[in-house]
Amino acid sequence: MGDDSEVHSDLDLVVGHGEPQRVGRFRYWLGEQRWEWSDAVARMHGYEPGTVEPDTQLLLQHKHPEDRRQVAEVLDRVLQGEPFSSRHRIIDTAGQVHWVIVIGDRMLDDGGVVIGTAGFYVDVTRVLQKDVSAVVSEVAESRAVIEQAKGVLMVAYRISAERAFDILVWRSQETNVKVRDLSARFLAAFTGRLPTEVLSDLDHTLLTVT
């Protein structure tokens with residue numbers, strides 16, 4: 001089970017986004033109650049390949065405390081040789097949290113008798129982190145654009161931030177355009193249109209205010 005090359009094909013893209021993910025195999029033998037991990041699965045848990053013999057207790061120790069009940073139910077299915085799928089967190093030996101997708105199916109002998117479970121782990125931590133980072137970045141950009149538009153309205157109309165936001169929301173509803181997009185369009189249309197005398201006053205104030 002040390003060679004992961006067999007799984008670095010279709011499974012590498014199992015979670016989409018066009019980026020290869022860390023994928024590894026596992027097996028559980030019912031008769032011997034024995035687990036096997038590929039090198040990739042061992043590394044997900046923080047172990048160098050060949051340095052640990054996994055067992056059910058070790059698996060549970062690495063599960064995130066908030067996910068252990070869910071994982072225990074999944075393990076019951078594994079120990080009965082039943083198919084399963086799960087997305088949960090594991091904690092490696094260095095204390096790092098990994099989000100993993102684990103999918104397993106029955107292993108059958110030549111006579112069709114269930115002899116265990118085989119499947120794969122997919123470490124999707126980086127994908128989730130990128131998704132979260134993208135959302136945070138988008139929120140930050142949206143907030144910045146809206147704040148700029150509010151600032152223009154506050155100065156022009158001598159109103160509070162709350163009233164300026166109310167105006168943007170009202171126009172958003174009137175035009176059926178998101179507040180962020182409306183704010184961006186408003187700023188783009190307004191940029192460069194200040195009269196020369198206004199710009200002159202602005203320059204003077206900026207350079208003389210103390």
Side-chain angles (χ1 to χ4, degrees), residues 1-140:
M1 291 294 293
D3 184 8
D4 294 319
S5 60
E6 74 218 54
V7 298
H8 289 294
S9 54
D10 293 340
L11 292 185
D12 283 7
L13 303 176
V14 70
V15 293
H17 293 265
E19 295 185 8
Q21 304 303 313
R22 294 181 62 187
V23 183
R25 294 277 188 185
F26 76 90
R27 289 178 183 167
Y28 177 74
W29 303 89
L30 283 173
E32 306 168 43
Q33 296 185 350
R34 178 171 58 87
W35 290 90
E36 290 181 0
W37 279 352
S38 68
D39 292 355
V41 174
R43 290 191 179 100
M44 286 179 201
H45 289 80
Y47 300 103
E48 284 301 312
T51 61
V52 65
E53 292 187 6
D55 56 28
T56 302
Q57 186 60 35
L58 182 68
L59 262 70
L60 285 173
Q61 287 176 2
H62 279 282
K63 304 308 179 185
H64 193 284
E66 295 177 6
D67 296 341
R68 281 179 183 160
R69 177 176 297 180
Q70 169 198 343
V71 173
E73 294 175 358
V74 171
L75 282 175
D76 285 341
R77 299 179 65 87
V78 174
L79 300 180
Q80 296 173 35
E82 297 180 3
F84 73 93
S85 64
S86 175
R87 189 175 89 164
H88 57 266
R89 290 162 290 182
I90 62 175
I91 303 175
D92 65 21
T93 56
Q96 297 296 313
V97 177
H98 301 255
W99 275 99
V100 294
I101 295 172
V102 187
I103 299 174
D105 201 355
R106 298 179 300 169
M107 284 196 302
L108 307 176
D109 64 13
D110 294 337
V113 177
V114 177
I115 58 174
T117 303
F120 58 91
Y121 278 68
V122 186
D123 188 332
V124 296
T125 308
R126 287 184 299 174
V127 170
L128 293 178
Q129 287 175 339
K130 287 181 180 179
D131 287 347
V132 170
S133 297
V135 171
V136 170
S137 177
E138 184 177 348
V139 170

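A118 and R27 make their closest contact through CB-CG, 4.0 Å (heavy atoms, listed as atom of the first residue, atom of the second, distance). Annotation for A40 and V23: closest pair CB-O, 3.4 Å, computed over non-hydrogen atoms. Of all the heavy atoms in P65 and I91, the pair that sits closest is CD-CD1, 3.9 Å.
Few gaps surround CD on Q61; more than 12 heavy atoms of other groups in view lie less than 6.0 Å from it. Annotation: R34, atom CZ; neighbour count of heavy atoms from other residues, nucleotides and ligands within 6.0 Å is above 12.
In this structure, OG1 in T93 is found 10.5 Å from NE2 in H45, a value given to the nearest 0.5 Å. Expressed to the nearest 0.5 Å, how far CG of D123 lies from CZ of R43 amounts to 13.0 Å. To the nearest 0.5 angstrom, W29 atom CH2 is 5.0 Å from I115 atom CD1. One distance of note links CZ of R68 with NE2 of H88; it measures 11.5 Å at 0.5 Å rounding.
Counting only distance, with no hydrogens or angles, the side chain of S85 and the backbone of I103 share no donor-acceptor pair below 3.5 Å. In this structure a side-chain-to-backbone donor-acceptor pair under 3.5 Å is present from R77 to P83. Checking side-chain atoms of H64 against main-chain N and O of I90 turns up no donor-acceptor pair under 3.5 Å.
Side chains of L79 and T56 form a contact here, defined as non-hydrogen atoms less than 4.5 Å apart. Using a 4.5 Å heavy-atom cutoff, the side chains of L58 and W37 are in contact. Side-chain contact between Y121 and H98: absent, with no pair of heavy atoms (C-beta onward) separated by less than 4.5 Å.
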Run the side chain to side chain contact (heavy atoms under 4.5 Å, CB included) test on L108 and V114 for me, step by step, so that the C-alpha distance in whole Å, both residues' side-chain angles and the decisive distance to 0.1 Å come before the verdict. CA-CA 4 Å; L108 307 176; V114 177; 3.5 Å; yes
Open item on the list: For a side chain to side chain contact (heavy atoms under 4.5 Å, CB included) check, start with the C-alpha distance between W35 and V41, then their side-chain angles and the critical distance, and finish with the verdict.
Closed with: CA-CA 12 Å; W35 290 90; V41 174; over 6 Å; no
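Taking the six-membered ring where tryptophan is involved, the planes of F84 and F26 are tilted, since the angle between them lies from 30° to 60°.
For R89, the salt bridge (Lys or Arg N to Asp or Glu O under 4.0 Å) partners two or more places apart in sequence, or in a different chain, are E66, D67.
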